[in-house]
Amino acid sequence: MLSNLLRATVLGAAALIATGFAASTVFAAARDYKFVFVSAQPTGTGKTDVTVRLVHTADNKPVPDAVIFQTRADMGPEGMPTMAVPVTAGSAQQPGLYRFQAETSMAGTWALTLSAKVQGESETVTGVVNFPAAK
Ligand SMILES: [Cu+2]
């Protein structure tokens, strides 16, 4: 009886440690990359071309061929997080750069939230880049 209880406790502790390891691996992968603002240019009324760079944090090298599968542009930086607008992906000029067009309907600072799959990484890389928009 006592030994069974002890065994369960040991197993529980082992499970906790394993979970901790898994969690720290997830965070390490996410921290390894970051999106950096490059430029924002108005393209017609209420539209902004935004270019970001995805870099490997350790050596600051650009990361090409990432698959950006989720984007969101909203005015969170201006206290309007629910003001979200459509974003479409464009073609990048060089490896490691990623371009988007956001239908920025209001002048001010916008947040572009990105989720990406990077080659060789199982975890999703996410990042937020602020960019300015003119009306
Ligand atoms: Cu707004």
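Indexing begins at 1, ligand by ligand and atom by atom, following the structure's order. For reference, positions follow the sequence shown, starting with 1.
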Going by chain and number, the hydrophobic cluster around V38 (ILVMFWY, side chain to side chain under 4.5 Å) further includes L97
At a cut-off of 2.8 Å, protein N/O/S around the Cu ion (ligand 1) gives M75 SD, M80 SD, M83 SD, M106 SD
In Å and rounded to the nearest 0.5 Å, what is the CZ to CZ distance from F37 to R53? 11.5 Å
Result of checking V85, N130, V87, V129 against W110 for side chain to side chain contact (heavy atoms under 4.5 Å, CB included): V85
Tell me the side-chain hydrogen bond (donor to acceptor under 3.5 Å, both in side chains) pairs involving residues 38-52, sequence neighbours left out? T43-Q101, T48-T104
What class does the angle between the rings of H56 and Y33 fall in, given that below 30° is parallel, 30 to 60° is tilted and above 60° is perpendicular? tilted
Who else is in V128's hydrophobic cluster (ILVMFWY, side-chain heavy atoms under 4.5 Å, direct or via others)? none
